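Computed from a predicted structure; not experimentally measured. Order of the sequence lines sets the chain letters (A, B, ...), proteins ahead of strands, with each chain counted from 1.
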Amino acid sequence: MAPKVLMVAEKPSIALSIASVLSGGRMSTRRGSTEVHEFDGTFQGFHVHYKVTSVIGHVFSVEFPANFQDWTVTDPLDLFEAPIHKVESNPKAHIGRHLSQEAQGCSHLVLWLDCDREGENICFEVIECTGFRVNNSRRVYRARFSSVTEKDITKAMSNLVEPNKHEALAVDARQEIDLKVGVAFTRFQTNYFQGKYGNLDSRVISYGPCQTPTLGFCVQRYLQITTFKPEKFWAVQPYIIQKGYELKLEWERNKLFDSDVAGMFQKLIMEDGIVEVTGISEKQECKTRPSGLNTVNLLKVASSALGFGPQLAMQLAERLYTQGFISYPRTESTSYPSSFDFRGTLEALVKNPAWGSYIQTLLADGYLKPRSGTDAGDHPPITPMCSATEDMLGTDAWRLYQYVCQHFLGTISPDCKYLRTKIEFSVAEEIFHCIGQCVTIKGFTSIMPWLGVNETNLPQFTKGEKIEISKVDLYEGKTVPPDYLSESELISLMEKHGIGTDASISVHINNICERNYVQVQAGRKLVPTPLGISLIRGYQCIDPDLCLPDIRSFIEQQITLVANGQANHSLVVQHVIQQFKRKFSYFVKQIDEMDALFEAQFSPLSDSGRLLSKCGKCLRYMKFISSQPSRLYCGTCEEVYYVPQNGAIKLYKELACPLDNFELLICSLPGPQGKTFSFCPYCYNSPPFEGIDTLFGASKAGGSGKLGKGAGMPCFLCPHPTCQHSVIAQGVCGCPECNGTLVLDPVSAPKWRLYCNTCNCLVFLPEGAHRISTTKERCSECDSIIIEVDFNKKTTPLKDGATLHIGCILCDELLHSLVEMKHGKYFSKRMGGRGRMRGKGRSGYGGRGGRGGRKLEDPKMSFRGF
DNA sequence: GCAAGGTC
């Protein structure tokens, strides 16, 4: 059997391109975690079987181990010394397993990851997953390609090299530094300020070496605006009438900040009354065509001209790319490779009705080579790949695609040429001028009309000519502050200072919006919020480095030493981490300075919120703080209790939890399918029973069993044996869809329903009943809890107008006929037909945990026969 | 609930 060669690309589209080129299109493709393309060919002179597949970006990301995950237990300072480990970035995609399976039986591995540091790092992630290098007879190669073209792919294939460990280690270093610094500061700030103020309006007060300087730029502009002092100025504006045109003359002095002096000039000029033409000059000017389009410039135009935020712009560009309309949209390069096939690209677009005729002219008259821009060695500039119409793309994608096309055509069109005429005048020894512009060659501005030169015609003048002044105005103006930073300006600043990459700039901008540090206002201007301003001003007081862009360049410069092999990875990491640790300690020590700014902006927890429910410890009312993260605050005990987020919270009939005496609350999640459930604020935050491994609202906590803060145990997960609100009392039967238990919704009247305490399954009970409640009895047939229904007198289905009915919703014929099941995911409506459900004999807690009380019975509830 | 970097 022919030896097998595994090739791995960074994304599925590249795997497809590589396989297509190397197989000449003759390959078979099968699905897996990502697609695998297979074909036969030759490798180093041997006949081999190729398998080409891909990862989806990084396979792993770094994290702290579980014992450093609890915000309340871990001192953020310890994070600097904490171990870190790699976890799969997207466990659901099973990329690790996929690579390991596909590597089985392969003798060679060829790495086709993008040719940058990150790509080099992913190379080693792939090597780790495939288990290569364990066995010396298996070889690992790196393909270096500068574009996904047939030429480059074949060239890379015949010039295979080794992956670069130094570059990969530089990325490891960056990951560790970013994680430790970001998480330490974020946790400290969040804990400190959220424990003090009730109206911060941000779930997390984050810090990061990219996001914070990004915010810094916005606040810096804001501070320029607020500290701006306007000044009045004056300008003399004489008017003349020449050949029937009225012309305003521009003053050589432009403006003066003294009204008396300006007034004096006005008087002098009025007294003279005659201007003399002292000079006429004509100059040929040139406005150069653009160079190739890179990501950052695309994002800037998208924001300033199309009104698309960077995130939307990238989404649209990504889609255009995967659909084959434009080339890879994440590139720094603005210069085209010398081999680039411009004619081919033009021919691919020539049929387009929007600019077909323009392209025909270019092809006929000869297009130009683009100006040389910068070549970052990644991907070529963003270029249209095939023709499209608005109908094919939809409005937004079309507008972006249209710009990409116009920009591309602009790059190979002639420059714009125009004649600039300046007429100089003199009056009372003061000099004035006016300017005319006349386009001689439109060039690229005919396809990018918004960049066109404004034409202004001037009437004829002759040197020495004397003209009477028709009037002399004294213009009074005042200087104005700059506007808020536009998103497009911010992108320029980020690029200039190396904050983020072409792929991540949009993420950082989005971040500072989501954290409520800035708001995007009309015209995509970024206006910092009181929170954003307080943070940056605080850093400026304590340690300005923390919010300056240099913090990123410092990290970059340090890890570049690793990438170049000039410094040892661990030593660099240690050095940088120690520096940040010192900065962190100082920041913590001086936090009062930042706090003074917060005090002026925000209200203390004790002043926030409304009284809602009683604390079980001191029996006084606690305050409900509705701003994110919503929580209860007991002013007497000075304790904070988080509540389920995103739901409406209210008091539950002044009932109290038998375990701790805290008053119960009701949470209603939004939407008609939203659960409504009761919870005890204390139990919710500190589940009292062992063995509860399902938490409500816990995010990707995984199976670690660690209880995340703000995620917890509502009554529907509580195994309390006698409390009337627990799942033991309110659970009716096993969920037909999952391992959960169907629980009676306590406040669903009159549309009584059961919901699953684990998944989204919903079951509607007889509508219009006065009361539906669980009993302590179980069905002799199926072991479900017997329910008691008190029907409405007018609508009761019972004989002789009786209203009370007791039975099992599965086995009682009447009840069963009135029950209806609904599930969002799999079926919209499913009437209770017989014998269609799986019998799942279990409920929430049987056989597990419950060590705190008696062993919980498994009531063996099921939907048998439903 | 945390960073920044890939990519979807």
Compare the minimum distances between each of [options] and the side chain of [X], then state the nucleotide with the smallest one.
| X | options | answer |
| --- | --- | --- |
| A/Gln69 | B/dG5, B/dT7, B/dC2 | B/dC2 |
| A/Glu10 | B/dT7, B/dG5, B/dA3 | B/dT7 |
| A/Arg187 | B/dC2, B/dA3, B/dG5 | B/dC2 |
| A/Asp178 | B/dC2, B/dG6, B/dA3 | B/dA3 |
| A/Arg515 | B/dG6, B/dA3, B/dC8 | B/dA3 |

Problem - Residues A/Asn516 and A/Ser202: side-chain donor-acceptor under 3.5 angstrom - result: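 Result is no, nothing qualifies.
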
Exercise for the section: State, without any angle test, whether A/Thr53 and A/His98 hold a side-chain donor-acceptor pair at a distance under 3.5 Å. Expected result: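 There is such a pair between these side chains.
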
Is the distance from OP1 or OP2 of [N] to the nearest side-chain N or O of [X] less than 4.0 Å?
| X | N | result |
| --- | --- | --- |
| A/Thr501 | B/dA4 | no |
| A/Ser504 | B/dG5 | yes |
| A/Gln211 | B/dA3 | yes |
| A/Arg552 | B/dG5 | yes |
| A/Arg174 | B/dG5 | no |
| A/Tyr328 | B/dG6 | no |

Base, sugar-phosphate, or nothing for [X], non-hydrogen atoms under 4.0 angstrom?
| X | result |
| --- | --- |
| A/Val55 | nothing |
| A/Asn121 | nothing |
| A/Gly500 | sugar-phosphate |
| A/Phe64 | nothing |
| A/Arg319 | nothing |
| A/Gln194 | base |

Exercise for the section: Considering only NZ, NE, NH1 and NH2 on the basic side and carboxylate oxygens on the acidic side, decide whether A/Glu63 and A/Lys86 come within less than 4.0 Å. Expected result: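 No, no charged N to carboxylate O under 4.0 Å.
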
Problem - A/Arg330 with A/Asp502: basic N within carboxylate O range, under 4.0 Å - result: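 Answer for the salt bridge query: no.
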
Problem - Residue met sooner reading DNA chain B from 5', once A/His508 and A/Ile56 are mapped to nucleotides - result: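 That would be A/His508.
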
Handout entry: 5′-ward residue of the pair A/His58/A/Arg203 relative to DNA chain B
Key =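 Going by which nucleotide is closer to the 5' end, it is A/Arg203.
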
Exercise for the section: Can you tell me the distance, in whole Å, between the CD atom of A/Glu514 and the P atom of B/dA3? Expected result: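 Spelled out: CD on A/Glu514 to P on B/dA3 is 11 Å.
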
Practice task
Send over the distance from A/Phe580 CZ to B/dA4 C1', rounded to a whole Å.
Solution key: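 Value for this atom pair: 13 Å.
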
Problem - A/Phe193-A/Phe598 aromatic ring centre distance below 6.0 Å - result: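 Yes, the ring of A/Phe193 comes within the 6.0 Å limit of the ring of A/Phe598, centre to centre.
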
